[in-house]
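Order of the sequence lines sets the chain letters (A, B, ...), proteins ahead of strands, with each chain counted from 1. Computed from a predicted structure; not experimentally measured.
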Number of protein chains: 2
Amino acid sequence: MGKVDLSACPVCSKLDITDETAFLDNLKCTIKTYPKNILIIRQGDICDALYMLTLGSVKTEMITENGNILGIEIIKAPRPLAPAFVFSDNNRFPVNVTSLEEVEIMKIPKAEIMRLMMTNPDFMSSFMTHNANRTQFLTNRLHLLSIKTIKGKLAHFLLENSPGEEISFVINRNQTELADFFGVARPSLARSLAELVQEGLIQINKKEYIILNSNGLRELLF
Amino acid sequence: MGKVDLSACPVCSKLDITDETAFLDNLKCTIKTYPKNILIIRQGDICDALYMLTLGSVKTEMITENGNILGIEIIKAPRPLAPAFVFSDNNRFPVNVTSLEEVEIMKIPKAEIMRLMMTNPDFMSSFMTHNANRTQFLTNRLHLLSIKTIKGKLAHFLLENSPGEEISFVINRNQTELADFFGVARPSLARSLAELVQEGLIQINKKEYIILNSNGLRELLF
DNA sequence: ATAAAAGTGTAACAATTGTTACACTCTCGG
DNA sequence: CCGAGAGTGTAACAATTGTTACACTTTTAT
């Protein structure tokens, strides 16, 4: 089993653990490793334990009923996968989870999570905050999807990621991934990007973007 | 202050409260009433306490940057409003909350919530489950929005709400509200509904719907 | 009972996005 | 260095949805 850096985990960082090894030994859990590009969790699978990604990175994607893929996000270890759903009445995973590299996943039973929360207020607090942040992420996602034009989505997304006007920044997604992220067709996204460039609002060089006119971008939101 | 039926509240129902009045007296909280059609909470407002709707009903709606309204849901007392966000790092309300009638709202400080969770495992468990269910609701919302055609959204929505083929059921929203719920224009929704009727898939009488051909509806999801 | 307001049906037209197809560039492994 | 595959630019056309407008029906308030 690989070495886990608990202090980097948003849920565990505040734990007062004098002996990390002892802590992990006391924890009833199972650990599994998966090779690259494996579908680890299917949308709809029962979720009766907390899945903690301890090594590697995964991609979560939601598949709509019409078969389209609506990319959600990339998760890097250490971080829990869909922690909120352990406690829901209908405890099924809402997304597919696919390994992007060789990964290691720690499966902690629900009862153990309960025990940790009871005995460790800091853990409880972190766990709550982490879930709250996840909810906020979903809300933002909802917000993005509710913007109806592609150029509007792009404006929102670029403004959110830009460090400021005329300052270049890198978007770590290619056009195909971006299109999935927005839930639109790839050529349509390319067209909208080209229009933004032609209108002098932004500048693109591979994955490097520069906002030239942030006010112009903001106008696309109305 | 109105009488509160705690047993009907998803978060409080499992509390072992021998004396409800004493429980509420011990709870440090403030109670406010609002008349009908008042904007109680604005999207972006700081959320440093748990807002519990104890009487009446409210409507929550998300306003996108382009000014469009994306209806989310109607909430009836007793139920907490956006309970997850009390604990998030950026603890701001994600939605507007408007009263639909005269309402009463109990404001419980975050510290009090923490105390309740520490001292009352059942409360903690219910609170977690409730938040998890909310997350699942958001995920479903995301799912619905990610379906691209209006007829697809309608098919998904109607199949989800129908008790079965040829059995009538009531949708408690008018066309305008439904259009908001789906994030589409009202006449476009009307057109899609008319098409579903014309194709013999459903039957409509005011707010009463009947699915005539559920397989036909399912085909719209591909 | 009746006027005002809210909700619905529908049509013509505009705007946006999706689909498909293909040429081109870039990257990476052999 | 070269070829395969991935990623990009772009164009023509189809499909879907939005916009606007107006007549009509239903509900609500006085």
Side-chain angles (χ1 to χ4, degrees), chain A residues 36-37 59 64 66-71 100-101 144-157 170-199 201-209 219-222, chain B residues 35-37 59 64 66-71 74 98 100-101 144-157 170-199 202-209 219-222:
Chain A
K36 185 176 176 176
N37 285 329
K59 171 179 66 168
T64 69
N66 53 23
N68 285 335
I69 291 179
L70 180 68
L100 291 175
E101 50 189 307
L144 186 67
L145 274 186
S146 71
I147 297 176
K148 290 182 196 128
T149 65
I150 297 182
K151 281 161 83 172
K153 287 178 211 269
L154 275 170
H156 175 81
F157 180 77
V170 172
I171 298 290
N172 225 355
R173 292 177 147 96
N174 62 33
Q175 275 193 10
T176 307
E177 289 167 340
L178 255 189
D180 276 349
F181 184 68
F182 288 147
V184 301
R186 202 271 310 165
S188 303
L189 182 79
R191 172 172 47 204
S192 294
L193 274 173
E195 283 172 19
L196 291 182
V197 170
Q198 216 159 24
E199 291 161 15
L201 297 175
I202 65 174
Q203 200 175 302
I204 309 177
N205 191 308
K206 318 252 169 160
K207 292 184 178 178
E208 198 177 306
Y209 294 74
E219 275 171 32
L220 293 175
L221 301 172
F222 291 101
Chain B
K36 184 176 177 175
N37 285 330
K59 170 181 68 170
T64 68
N66 54 20
N68 285 335
I69 290 179
L70 180 69
I74 291 165
T98 310
L100 290 175
E101 50 189 307
L144 186 67
L145 275 185
S146 70
I147 297 176
K148 288 183 198 128
T149 66
I150 297 182
K151 282 160 83 173
K153 287 178 212 272
L154 274 169
H156 175 81
F157 179 77
V170 171
I171 297 292
N172 225 354
R173 294 179 145 95
N174 62 34
Q175 274 192 11
T176 308
E177 290 168 339
L178 255 189
D180 277 350
F181 184 68
F182 289 148
V184 302
R186 201 271 310 164
S188 303
L189 183 78
R191 172 173 46 206
S192 294
L193 275 173
E195 284 172 17
L196 291 183
V197 171
Q198 216 161 25
E199 292 161 14
I202 65 174
Q203 199 175 304
I204 309 178
N205 191 308
K206 319 251 168 164
K207 291 184 177 178
E208 199 178 305
Y209 295 74
E219 276 171 32
L220 293 174
L221 301 171
F222 292 100

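In this structure, B/Glu195 atom CD and C/dT8 atom P are separated by 18 Å, rounded to whole Å. Between A/Lys148 atom NZ and C/dG18 atom P there is a gap of 15 Å when expressed in whole angstrom units. The OH-P distance, from A/Tyr209 to D/dT8, rounds to 8 Å in whole Å. B/Arg191 has its CZ atom 11 Å from the P atom of D/dT19, to the nearest Å. Protein atom CG of A/Leu178 is 13 Å distant from nucleotide atom P of D/dG7, rounded to whole Å. The CG-P distance, from B/Leu196 to C/dT10, rounds to 14 Å in whole Å. One atom, CG of A/Asn205, and another, P of D/dG9, lie 11 Å apart when rounded to the nearest Å. What separates CG of B/Leu154 from C1' of D/dT16 is a distance of 14 Å, to the nearest Å.
One can find a donor-acceptor pair under 3.5 Å joining the base of D/dG9 and the side-chain atoms of A/Arg186.
By the 4.5 Å heavy-atom criterion applied to side chains, B/Lys153 and B/Leu145 are counted as neighbours. Between B/Leu189 and B/Leu154, the closest side-chain pair of non-hydrogen atoms falls below 4.5 Å.
Checking C/dG18, C/dT10, C/dG7 against every side-chain atom of B/Asn174, the shortest atom distance belongs to C/dG7. Minimum atom distance to the side chain of A/Ala185 is reached by C/dG18, of the listed D/dT20, C/dG18, C/dT8. Nearest nucleotide to the A/Ser192 side chain, out of C/dT17, D/dG7, C/dG18: C/dT17. For B/Thr149, whose side chain is taken as the heavy atoms from C-beta onward, the closest listed nucleotide among C/dT16, D/dT17, D/dT8 is D/dT17.
Close to D/dG9, at under 4.0 Å from its OP1 or OP2, lies a side-chain N or O of A/Gln175. Proximity of A/Ser188 to the phosphate of C/dG18: a side-chain N or O atom is located under 4.0 Å from OP1 or OP2.
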Full working for salt bridge (Lys or Arg N to Asp or Glu O under 4.0 Å) between B/Glu199 and B/Lys151: CA-CA 12 Å; B/Glu199 292 161 14; B/Lys151 282 160 83 173; 2.9 Å; yes

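Heavy-atom distances to DNA chain C give each of A/Lys206 and A/Ile150 a nearest nucleotide, and the one nearer the 5′ end belongs to A/Ile150. Comparing B/Lys207 and A/Leu189, the nucleotide of DNA chain C nearest to each residue sits closer to the 5' end for B/Lys207.
Note that CZ of B/Arg191 and CD of B/Gln198 are 12.5 Å apart. Values are rounded to the nearest 0.5 Å.
Here the shortest heavy-atom pairing between B/His156 and B/Leu144 reads CD2-CD1, 3.4 Å.
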